[in-house]
Amino acid sequence: MKYHIGIAGAGFAGAVLARELAETGKFRITIFDERNHVGGNCHTKRDEETGIMIHQYGPHIFHTNREDVWDYVNQWGKFEPFVNRIKAQTKKGVFNLPINLLTINQFFQKKFRPKEARDFVGSLGDSSIKEPKNLEEYALKFFGKEIYSNFIEGYTRKKWGVSPKELPASLLQRLTVRFNYDDDYYDHQYQGIPVSGYTEIIKRILDHHDIEVRIGQRLDPERKRDFDHTFWCGPMDGFFNYKLGRLGYRTLHFERFVESEDYQGNGIINFCEEDVSYLRISEYKHFMPWEEHDKSVCFKEYARPCEESDVPYFPTRLHKDLELLEQYMDMCRSEDKITFIGRLGTYRYLDMHMVIGESLDLARICIKSEIQNWPKFSADPLGV
């Protein structure tokens with residue numbers, strides 16, 4: 001007899017775990033997704049008008065330093081090398097992002113060498129702030145007023161919908177300042193985009209005789225009893241029907257437009273000014289430079305609070321959210337035969353490579369241990 005495993009969610013978190021368990025021959029897996037496709041927020045498809053591969057829920061560039069994660073995704077499809085070089089439009093012009101030596105020299109109209117730039121930026125910081133208590137204080141302490149007001153403040157208000165004073169300083173860990181001319185957005189060894197798209201890769205991962213895929217169907221939490229164990233990739237609070245209230249999320253919506261030629265000359269341009277209502281514009285032909293297309297399809301990206309009927313994108317993790325999260329974690333611990341995994345299941349801001357890595361790690365733990373001893377979470381929800 002094979003253990004029957006239920007998985008809620010057919011994105012990378014659920015698919016990778018399903019395949020790893022199925023390969024042992026000890027499990028049969030039924031994986032559910034309430035959307036009409038697999039892939040979760042990594043879903044890709046060809047734009048009908050232009051033929052360009054688009055990422056339906058916003059651009060996804062694969063990047064990682066974990067060799068095992070890179071090897072894993074490459075066994076399911078060909079990845080072409082791709083370096084994400086984001087530009088930032090501010091009131092003073094268009095600059096490289098992350099902020100690098102060229103950004104600093106152009107923005108301040110200087111000709112600094114690396115050490116000179118490092119000393120200069122260091123002198124801009126507010127030395128009166130001893131221990132930054134929030135994102136704004138952290139930015140002012142280490143980057144100064146001009147960099148903060150031009151590159152950080154407006155974009156942050158639009159993305160998160162609150163004052164930077166209400167956000168934790170840890171959010172700026174994703175923002176680096178480089179004192180060289182490196183304009184690669186990700187500081188990772190392995191980077192690329194799949195030629196056939198992410199959805200095709202996930203379909204291949206799920207193509208196994210011991211995996212049954214049910215799209216357009218939600219795994220009801222009450223059906224947990226039908227399985228020997230369940231992995232929940234959906235919202236943690238959703239499993240409990242939001243009994244204690246909803247954890248905070250931001251959602252995104254996209255405004256599509258088509259141009260007859262190259263529109264902005266780059267895959268992503270962030271718009272840092274608060275009076276520009278959208279966060280960024282993505283032009284998808286630039287993500288696959290090995291293809292040729294006559295037209296160009298672009299998407300303006302807007303952020304807003306996540307309502308009941310919206311797709312949750314990233315958790316706000318404000319103080320009130322973390323207090324509620326701890327209460328939901330206690331409820332999770334009282335449940336048997338279930339593990340909460342992935343971005344939504346653990347209420348964390350995760351990139352694809354992190355999700356895949358955690359599912360590979362979790363699968364190794366589960367394969368080596370008795371089913372009754374499987375962990376409650378793929379990682380600590382209170383961690384970064």
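The figures here come from the full heavy-atom set of this structure, side chains too, leaving out hydrogens, waters and symmetry mates.
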message: Rounded to the nearest 0.5 Å, what separates atom NE2 in H60 from atom CZ in F12?
response: 9.0 Å
- request: Return yes when atom NZ of K141 has more than 12 non-hydrogen atoms of other residues, nucleotides or ligands closer than 6.0 Å, and no otherwise.
  value: yes
query: Are the side chain of T44 and the backbone of T199 linked by a donor-acceptor contact shorter than 3.5 Å?
result: yes
field: E80/K78 salt bridge by N-O under 4.0 Å criterion
entry: yes
- prompt: Side chains of H286 and D262: is there a donor and an acceptor less than 3.5 Å apart?
  reply: yes
task: Show your working on side-chain contact (heavy atoms from CB on, under 4.5 Å) between I356 and L360 and close with a plain yes or no.
output: CA-CA 6 Å; I356 293 169; L360 289 174; 4.1 Å; yes
- request: Could you tell me whether the side chain of R317 and the main chain of Y347 form a donor-acceptor pair under 3.5 Å?
  value: yes
field: E137 side chain vs I129 backbone, donor-acceptor pair below 3.5 Å
entry: no
- request: Look at the side-chain heavy atoms of Ile, Leu, Val, Met, Phe, Trp and Tyr, link any pair under 4.5 Å apart, and say whether V83 and W290 land in one connected group.
  value: no
query: Under 3.5 Å, side chain of E259 to main-chain N/O of E261, donor-acceptor pair present?
result: no
- prompt: Quick one: does NZ or CZ of K92 land under 6.0 Å from the six-membered ring centre of F107, within 45 degrees of the ring axis?
  reply: yes
statement: In short, F142 meets P132 closest at the heavy-atom pair CE1-CG, 4.3 Å
query: When you check the gap from the basic side-chain N to the acidic O, do D220 and R223 get nearer than 4.0 Å?
result: no
- prompt: If you measure from the Lys or Arg side-chain nitrogens to the Asp or Glu carboxylate oxygens, is any gap between R204 and D207 under 4.0 Å?
  reply: no
Check: N100 and D182 side chains under 4.5 Å, non-hydrogen atoms: no
query: With a 4.5 Å heavy-atom cut-off, do L167 and L318 have their side chains touching?
result: yes
field: L140 CG to S127 OG distance, which is reported to the nearest 0.5 Å
entry: 12.0 Å
message: Could you check whether any side-chain N or O of R19 sits under 3.5 Å from a backbone N or O of I205, counting only pairs where one atom can act as donor and the other as acceptor?
response: yes
message: Distance to the ring centre below 6.0 angstrom and angle to the axis at most 45 degrees; does that hold for R348 and F377?
response: no
message: If you apply the rule side-chain contact (heavy atoms from CB on, under 4.5 Å), what do you find for K26 with K2, and how did you get there?
response: CA-CA 5 Å; K26 300 177 181 179; K2 296 180 179 181; 5.9 Å; no
task: Please confirm whether the backbone N or O of I371 pairs with a side-chain atom of K337, one donor and one acceptor, at under 3.5 Å?
output: no
- request: Assign the ring pair W374 / F27 to parallel, tilted or perpendicular, where the plane angle (0 to 90°) is split at 30° and 60°.
  value: tilted
message: Salt bridge or not between K110 and E116? Use side-chain N to carboxylate O under 4.0 Å.
response: no
message: Atom NZ of residue position K300 - does it have more than 12 heavy atoms of other residues, nucleotides or ligands inside 6.0 Å?
response: yes
message: Testing F62, Y284, F254 one by one against H55 for a ring pair (Phe, Tyr, Trp, His ring centres under 6.0 Å), which residue passes?
response: Y284
- prompt: Would the number of heavy atoms belonging to other residues, nucleotides or ligands and lying under 6.0 Å from CD of E67 be above 12?
  reply: no
- prompt: Between D184 and Y186, is any pair of side-chain heavy atoms under 4.5 Å apart?
  reply: yes
- prompt: Do N241 side-chain atoms and K243 backbone N/O form a donor-acceptor pair below 3.5 Å?
  reply: no
field: Candidate pair E358 and V16, rule side-chain contact (heavy atoms from CB on, under 4.5 Å), full reasoning
entry: CA-CA 10 Å; E358 286 188 3; V16 170; over 6 Å; no
message: How long is the straight-line distance from CG of D71 back to OH of Y190, given to the nearest 0.5 Å?
response: 7.0 Å
- prompt: Where is the tightest heavy-atom contact between P164 and N134, given as atom of each residue plus distance?
  reply: O-CB, 4.0 Å
message: Using side-chain heavy atoms (C-beta onward) and a distance below 4.5 Å, is T30 in contact with R214?
response: yes
message: With a 6.0 Å cut-off (strictly less than), is the heavy-atom count around CD of E292, excluding the residue itself, greater than 12?
response: no
- prompt: Does the distance from a Lys or Arg side-chain N to an Asp or Glu carboxylate O, for R178 and D187, drop under 4.0 Å?
  reply: no
Spatial distance of atom CD (Q327) from atom CZ (F240) [nearest 0.5 Å]: 12.0 Å
message: Using a strict threshold of under 4.0 Å (side-chain N to carboxylate O), is an ion pair present between D126 and K145?
response: no
query: Given side chains that start at C-beta, do those of T346 and S378 come closer than 4.5 Å, heavy atoms only?
result: yes
Heavy atoms from other residues, nucleotides or ligands near CD of E48 exceed 12 (cutoff 6.0 Å): no
message: To the nearest 0.5 Å, what is the distance between CD1 on I52 and CE on M288?
response: 10.0 Å
- prompt: Hey, is R256 close enough to D47 for a salt bridge, meaning N to O under 4.0 Å?
  reply: yes
task: Identify whether the distance between the nearest side-chain nitrogen and carboxylate oxygen of K91 and E273 falls below 4.0 Å.
output: no
- prompt: If only atom types and distance count, is the side chain of S359 paired as donor or acceptor with the main-chain N or O of L17 below 3.5 Å?
  reply: no
query: How are the rings of H63 and H188 set to each other: parallel, tilted or perpendicular (split at 30° and 60°)?
result: parallel
message: Applying side-chain contact (heavy atoms from CB on, under 4.5 Å) to R250 and D310, what does each step give before you reach the verdict?
response: CA-CA 9 Å; R250 297 287 283 174; D310 290 327; over 6 Å; no
query: Under 3.5 Å, side chain of T316 to main-chain N/O of G248, donor-acceptor pair present?
result: yes
- request: Compute both the distance and the angle, then confirm whether K159 meets the cation-pi test with F314: under 6.0 Å from the six-membered ring centre, within 45 degrees of the axis.
  value: yes
- prompt: Do the non-hydrogen side-chain atoms of L101 and P114 ever get within less than 4.5 Å of each other?
  reply: yes
Exam field: side chain E20 to backbone A363, donor-acceptor pair closer than 3.5 Å: no
- prompt: Just wondering, are more than 12 heavy atoms of other shown residues or ligands nearer than 6.0 Å to CZ in R46?
  reply: yes
message: Are L21 and F231 packed together at the side-chain level, in the sense that at least one heavy-atom pair is separated by less than 4.5 angstrom?
response: yes
message: For the aromatic rings, using the six-membered ring if either is Trp, is the centroid distance between Y3 and H229 under 6.0 Å?
response: no
message: Can you confirm if the aromatic rings of F143 and F151 lie within a centre distance of less than 6.0 Å?
response: no
task: Check whether any side-chain heavy atom of F227 lies under 4.5 Å from a side-chain heavy atom of L219, and answer yes or no.
output: yes
- prompt: What do the steps show when you test K87 against N96 for side-chain hydrogen bond (donor to acceptor under 3.5 Å, both in side chains), and what is the final call?
  reply: CA-CA 5 Å; K87 307 303 175 187; N96 284 340; 2.5 Å; yes
message: With rounding to the nearest 0.5 angstrom, report the NE2 to CG distance, H353 to N65.
response: 7.5 Å
- prompt: What about the rings of F239 and Y328, do their centers lie closer together than 6.0 Å?
  reply: no
